[in-house]
Q: 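Structure incoming, see below.
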Amino acid sequence: MEIKIEVQKVGEAVCDCECLIIPLTEDKQGLQYYALSVEATGLIKKTTDSEFRGKLNETFLITSASSTGPERILLVGLGRREEITIEKLRQAGGKSAVCLRDLGKKNIAVSARFLASLSLSSSYFIEGALLGLYSFKSYSSEKNINQIKKITVLSDEPGELHEKLSITKTVASSVAFARDLVNTPSNDMTPSQLARTALSLKRKKLAVNVLDRKNAEKLGMGAYLAVARGSDEPPKFIVLNYQGAKGAPFVLIGKSITFDSGGISLKPAEGMEKMKYDMAGGAAVLGIMKAVSELKMPVNVIGILPATENLPGASATKPGDVVKSINGKYVEIINTDAEGRLIIADAIGYARRFKPRAIIDIATLTGACSIALGSEAAAMMGNNKELLDKLRKSADNTYERVWEMPLFEEYKEYLKSDIADIKNSSGRNGSLVTSAYFLYEFAGDTPWVHLDIAGTAWVEKDKPYIPKGASGIGVRLILDFLRS
Ligand code: BES
Ligand code: MN
Ligand code: ZN
C-alpha cells in the first residue's frame with residue numbers, strides 16, 4: 001500500500017527505474033541541469049513545440065533509446081519560469097505521478113536538480129504526487145489496481161531532502177487518512193466508528209476520551225443532543241488531547257455529522273447521498289491530531305468531534321422546539337437542518353473550559369458557502385485579527401485557500417428569537433455569515449475562527465492532486481498554522 005520514497009545522489013542517465021520524470025519550464029533551459037544521456041537529451045531536444053511546450057501540467061512521454069538507465073522519460077510542464085510557484089510544483093507532481101500510475105508504472109523517479117537550481121524544494125512536487133496518487137478502493141472488488149510502489153528522487157543534497165520528505169510523507173498520509181474517513185459511507189462511518197478510529201490514535205502524549213449520551217446530558221449539551229434525538233445510532237462526543245508543550249492549548253473542533261438528512265426539516269432526495277461528507281471537519285481534526293502526534297510537534301492541541309447523525313426518527317427534534325445549550329443559552333430550533341451550528345455551539349462551550357489560546361472550528365456548515373466560493377476556497381470568519389492573519393498566511397503556504405467574510409453586528413438581529421435567547425436559523429439570506437454569527441455568540445471573547453468547508457471538502461471532478469471525492473481539506477492548512 002504505502003509508497004516508498006528514496007533520495008539518491010545518482011545521475012539521471014544511470015538511474016534505474018521504469019520512468020524518470022523531468023520537470024521543465026516553457027523556456028526549456030532547465031535541460032542543462034539534468035545529467036541525461038546524450039541520446040535522451042537529443043530526443044528531448046527533438047520534441048517540437050507542438051509536442052511539448054512546457055505549459056503547466058502538460059505531459060509528454062519519451063521512450064529512451066539506451067538499454068541502461070530509465071526505460072522512459074516523462075516531461076512535465078511547469079509553465080513560465082518567472083511565474084513558477086510551489087503550488088505549481090504540487091500540481092505538476094500530482095499530474096505526472098497519476099499519469100504514470102495510470103500507465104501501469106510501479107517504480108518511478110523524479111529529478112530534483114532543475115528545481116534545486118531555482119531554489120525550489122522538490123518536496124512540494126512529491127507532496128503533490130503523494131496526494132494525487134490517493135485512491136479509495138475499500139468497496140471495490142476489482143483486483144488489478146495500478147499502483148506506484150516506489151519514487152526515487154535524484155538530488156545533490158540527499159540528507160536535507162530526506163528529512164523534509166519524511167514530514168511530507170506524514171502530512172500526506174494524514175490527508176489520506178482524513179479522506180478515507182470522509183469517503184467511507186455513513187452505514188460504516190457511524191459516530192461509534194469515528195470514536196473507535198479516534199481511540200486507535202491513542203499514544204503516549206495523545207489521550208482520547210469518548211463521552212456518551214449520558215455524559216453529554218450531565219454536561220448540559222442540550223443543543224448537541226437535540227440533533228442526536230432522531231437517530232438510533234448513539235452520539236459520541238470525542239475529545240483528543242495532545243500535550244507536546246506547556247501552556248494553554250489550541251482547540252480544534254470538527255463538525256462530525258456522519259449523515260445529514262436534514263432531520264424533520266428533511267432535505268430533498270437529490271444529492272442527499274453526499275451528506276455522508278458532513279463529518280469532513282471532524283475527519284480533518286483527526287488527521288491533524290494524527291500528524292501532530294507522529295511529528296511530535298511542540299504544541300498543545302485539543303481536538304473535539306461532536307459526532308452524531310441527523311435523522312428524522314420518531315423522537316427527533318421538531319421545528320419550534322427550544323433547547324438549552326451548555327452555556328445556559330436557550331436556542332429555538334427553527335430548522336433542524338441547521339444542525340451543525342447546534343453541535344458546534346456546545347463544543348465551543350465545552351472547549352472554553354480549557355481556557356484555550358484559540359479555538360478553530362472547521363465545518364461543512366452551509367450550502368451558501370459553496371454557492372459563494374465554489375470549491376476554490378473555504379469561508380473564514382472570526383473575532384481575532386491576529387488569528388485570522390495567521391490562518392491566511394497558512395492558507396497561502398498550503399494553497400488550502402480561505403476567504404474572509406464579515407461578522408457585522410447587524411447579523412445579531414437576524415438570529416433574534418420570539419421566545420428564546422437565539423434561534424438557529426434565519427432562512428437563506430446571508431446564511432453563510434449568520435451561521436458563523438451564531439457560533440460567535442458562543443465563542444464570546446475567546447479568540448476564535450470558523451472555517452466553512454462545505455464547498456471545498458468534496459470535489460466533483462479530479463484536480464491535479466485531489467482525486468474526485470473527499471479532499472481532506474483543513475489538514476495541511478491547520479498543520480501549517482500549528483507549525484508556525
Ligand atoms: N451540512 C449542511 C450544509 C451543506 C450543504 C454542506 C451542502 C455541504 C453541501 C448543513 O447542515 C445544512 O443543511 N445547512 C443548511 C442551513 C439552512 C437550513 C439555514 C443550508 O445551508 O441549506
Ligand atoms: Mn443540515
Ligand atoms: Zn449538516
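Keep in mind that the numbers below use all heavy atoms, side chains included, and drop hydrogens, waters and symmetry copies. Each ligand, and each atom within it, is numbered from 1 in the order the structure gives.
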Q: Hey, is Arg392 close enough to Asp389 for a salt bridge, meaning N to O under 4.0 Å?
A: yes

Q: Measuring from the Mn ion (ligand 2), name the closest N, O or S atom belonging to Asp260.
A: OD2

Q: Any N/O/S atom from Asp278 (main chain or side chain) under 2.8 Å of the Mn ion (ligand 2)?
A: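 So Asp278 does not bind the Mn ion (ligand 2) by this criterion.
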
Q: Taking the basic N atoms (NZ, or NE/NH1/NH2) and the acidic carboxylate oxygens, is any pair closer than 4.0 Å for Arg80 and Glu83?
A: yes

Q: Run the salt bridge (Lys or Arg N to Asp or Glu O under 4.0 Å) check on Lys95 and Asp462 step by step: do they pass?
A: CA-CA 10 Å; Lys95 188 73 207 265; Asp462 290 349; over 6 Å; no

Q: To the nearest 10 degrees, could you say what angle the Zn ion (ligand 3) makes with OE2 of Glu339 and OD2 of Asp278?
A: 100°

Q: By atom name, which N, O or S atom belonging to Glu339 lies closest to the Mn ion (ligand 2)?
A: OE1

Q: Report every pair formed by an N or O atom of ligand 1 and a protein N or O atom separated by less than 3.5 Å, giving atom names and the distance to 0.1 Å.
A:
{"residue": "ligand 1", "atom": "1 (N)", "partner": "Lys255", "partner atom": "NZ", "Å": "3.3"}
{"residue": "ligand 1", "atom": "1 (N)", "partner": "Asp260", "partner atom": "OD2", "Å": "3.2"}
{"residue": "ligand 1", "atom": "1 (N)", "partner": "Asp278", "partner atom": "OD1", "Å": "2.9"}
{"residue": "ligand 1", "atom": "1 (N)", "partner": "Asp278", "partner atom": "OD2", "Å": "3.0"}
{"residue": "ligand 1", "atom": "1 (N)", "partner": "Thr364", "partner atom": "O", "Å": "3.3"}
{"residue": "ligand 1", "atom": "11 (O)", "partner": "Lys255", "partner atom": "NZ", "Å": "3.1"}
{"residue": "ligand 1", "atom": "11 (O)", "partner": "Asp260", "partner atom": "OD2", "Å": "2.9"}
{"residue": "ligand 1", "atom": "11 (O)", "partner": "Asp337", "partner atom": "O", "Å": "3.1"}
{"residue": "ligand 1", "atom": "11 (O)", "partner": "Glu339", "partner atom": "OE1", "Å": "2.8"}
{"residue": "ligand 1", "atom": "11 (O)", "partner": "Glu339", "partner atom": "OE2", "Å": "2.9"}
{"residue": "ligand 1", "atom": "13 (O)", "partner": "Lys267", "partner atom": "NZ", "Å": "2.8"}
{"residue": "ligand 1", "atom": "13 (O)", "partner": "Asp337", "partner atom": "O", "Å": "3.0"}
{"residue": "ligand 1", "atom": "13 (O)", "partner": "Asp337", "partner atom": "OD1", "Å": "2.8"}
{"residue": "ligand 1", "atom": "13 (O)", "partner": "Asp337", "partner atom": "OD2", "Å": "3.1"}
{"residue": "ligand 1", "atom": "14 (N)", "partner": "Leu365", "partner atom": "O", "Å": "3.4"}
{"residue": "ligand 1", "atom": "21 (O)", "partner": "Gly367", "partner atom": "N", "Å": "2.7"}

Q: Strictly under 2.8 Å, is the Zn ion (ligand 3) approached by any N, O or S atom of Lys255?
A: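 Coordinating: yes.
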
Q: Will you find, in the side chains of Tyr465 and Glu87, an N or O donor that is under 3.5 Å from an N or O acceptor?
A: yes

Q: Judged by atom type as modelled, is there a donor-acceptor pair below 3.5 Å linking the side chain of Thr59 to the main-chain atoms of Val76?
A: no

Q: Need the atom name: nearest N/O/S atom of Asp260 to the Zn ion (ligand 3).
A: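 Answer by atom name: OD2.
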
Q: Would Arg213 and Glu217 satisfy salt bridge (Lys or Arg N to Asp or Glu O under 4.0 Å), going step by step from the backbone distance to the final call?
A: CA-CA 6 Å; Arg213 193 192 303 264; Glu217 271 165 14; 5.3 Å; no

Q: When you check the side-chain N and O atoms of Arg401 and Tyr399, is any donor under 3.5 Å from an acceptor?
A: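 There is such a pair between these side chains.
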
Q: Kindly give the heavy-atom pair with the smallest separation between Ala198 and Leu286, and that separation in Å.
A: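 So the minimum-distance heavy-atom pair works out to CB-CD2, 3.8 Å.
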
Q: Should the pair Asp452-Lys255 be classified as a salt bridge under the 4.0 Å nitrogen-to-oxygen rule?
A: no

